Amino acid sequence: MSEDAVRGLIIAHSSLAAGFAAAVRQIAGVGDDVIQAISNEGLGPEELLEKIRVAVGDSPVVIFTDLPSGSCAFAARKIGADRPGTGMICGVNLPILLDFAFHRELPLQSLVDRLLDKGRVGISGACIEDGARADRAFSG
Amino acid sequence: MPIVLFRVDERLIHGQVVVGWGERLHMDRIVVIDDDLSASAWEQELYCLGVPAAVDAVFTSVAAARRDLPTWRDDPRRVIVLVRDLKTLAELAEEGVLAGEDVNLGGIHFAVGRERVLPYLFLNAEERETLQRIAETGVKLSARDLPGSRPVAYEDLLGSS
């Protein structure tokens with residue numbers, strides 16, 4: 001993987017970001033140099049912004065957040081508003097992060113488009129009362 | 001319909017407000033009172049990205065809010081009003097405009113000079129004085145980060161660190 005590959009930053013509530021990062025590390029074998037985690041816990045808006053600014057540095061980055069309506073997403077949008085080379089994905093899930101870990105050499109726009117598709121496909125399910133079709137929902 | 005939540009929260013529109021309170025209170029509208037934000041269209045756009053499609057978001061100045069408060073109280077829509085700091089709340093509360101209003105202290109976080117009052121409420125000496133002034137105007141203050149949390153009345157607040 002090129003050193004110019006896009007880096008990832010997960011910003012989420014409580015310990016969610018650290019949990020996601022740990023799961024990606026366990027499955028994909030990548031560390032903080034690829035995907036870094038930030039929690040908003042106990043941070044005011046300015047402190048969170050500063051923490052994100054330090055973490056994103058100057059290279060291309062995709063910022064993943066949990067809620068589209070949260071303070072994490074707001075801070076990420078504020079950073080991205082005047083920072084070229086910033087992708088953003090709200091409602092992050094593990095399939096998105098794993099795909100990111102293996103495709104981060106793609107151009108940023110292509111990468112973000114791809115990750116949005118992967119994230120949507122990564123959600124499936126069925127109501128248990130609809131037993132005849134429930135198995136299909138888990139087959140991908 | 002009265003204002004369903006009047007809250008001081010430096011994060012303004014964020015998860016606790018939109019999901020934690022908004023879902024519980026079935027909000028129809030968010031009003032953010034902030035002089036800087038009311039003059040910044042791009043920042044308003046950023047905040048609006050986090051607002052559910054069915055919810056109306058309005059950004060207004062302190063002066064306009066003092067004029068429009070009676071309208072919001074009479075509006076059939078369920079309104080959550082947000083200010084980011086105690087200074088703004090104090091300006092709003094001048095001359096008893098907010099007398100009798102329940103105001104929720106929901107999130108003022110650590111910064112240099114502030115001391116912990118509650119896990120989600122940090123105040124410096126000036127803010128404590130401002131809070132006292134606000135209380136003297138008749139505002140009913142209490143602290144509570146989420147609907148499921150225990151509310152802490154103003155009278156108990158400054159001794160709870």
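In what follows, every chain begins at residue 1, and chains take the letters A, B, ... in the order their sequences are listed. The figures here come from the full heavy-atom set of this structure, side chains too, leaving out hydrogens, waters and symmetry mates. Just so it is clear, the model here is predicted, and its values are computed rather than measured.
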Glu46(A) CD to His109(B) NE2 distance, which is reported to the nearest 0.5 Å: 13.5 Å

Interface residues of residues 42-52 of chain B facing chain A - non-hydrogen atoms under 4.5 Å apart: Trp42(B), Glu43(B), Leu46(B), Tyr47(B), Leu49(B), Gly50(B)

Surrounding CD of Glu136(B) (heavy atoms of other residues, nucleotides or ligands, distance under 6.0 Å), is the total greater than 12? yes

If you tally heavy-atom pairs under 4.5 Å between each of Cys72(A), Ala73(A), Ser71(A), Ala81(A) and chain B, the highest tally belongs to Ser71(A)

So, the part of Val19(B) with a heavy atom under 4.5 Å from chain A: the answer is side chain

Could you check which of Pro68(A), Ala75(A), Pro45(A), Cys90(A) has the highest count of heavy-atom pairs closer than 4.5 Å to chain B? Pro45(A)

Test side chain to side chain donor-acceptor pair (under 3.5 Å) applied to Arg77(A) - qualifying residues, sequence neighbours left out: none

Atom CD of residue position Gln132(B) - does it have more than 12 heavy atoms of other residues, nucleotides or ligands inside 6.0 Å? yes

Cluster check Val83(B), Leu123(B): I/L/V/M/F/W/Y, side chain < 4.5 angstrom: yes

Interatomic spacing from CZ in Arg11(B) to CG in Asn40(A) - rounded to 0.5 Å: 7.0 Å

Shared ILVMFWY cluster between Leu48(A) and Ile13(B), side chains joined below 4.5 angstrom? no

same_hphob_cluster(Val56(A), Phe64(A)) at 4.5 Å side-chain heavy-atom cutoff: no

Hey, could you give me the CD/OG distance between Gln16(B) and Ser69(A), rounded to the nearest 0.5 Å? 11.0 Å

Check for me, please, whether Val18(B) and Met88(A) land in the same ILVMFWY cluster - side-chain distances under 4.5 Å, paths through other members count. no

Are Val8(B) and Val79(B) in one and the same hydrophobic cluster, where Ile, Leu, Val, Met, Phe, Trp and Tyr link if side-chain heavy atoms are under 4.5 Å apart? yes

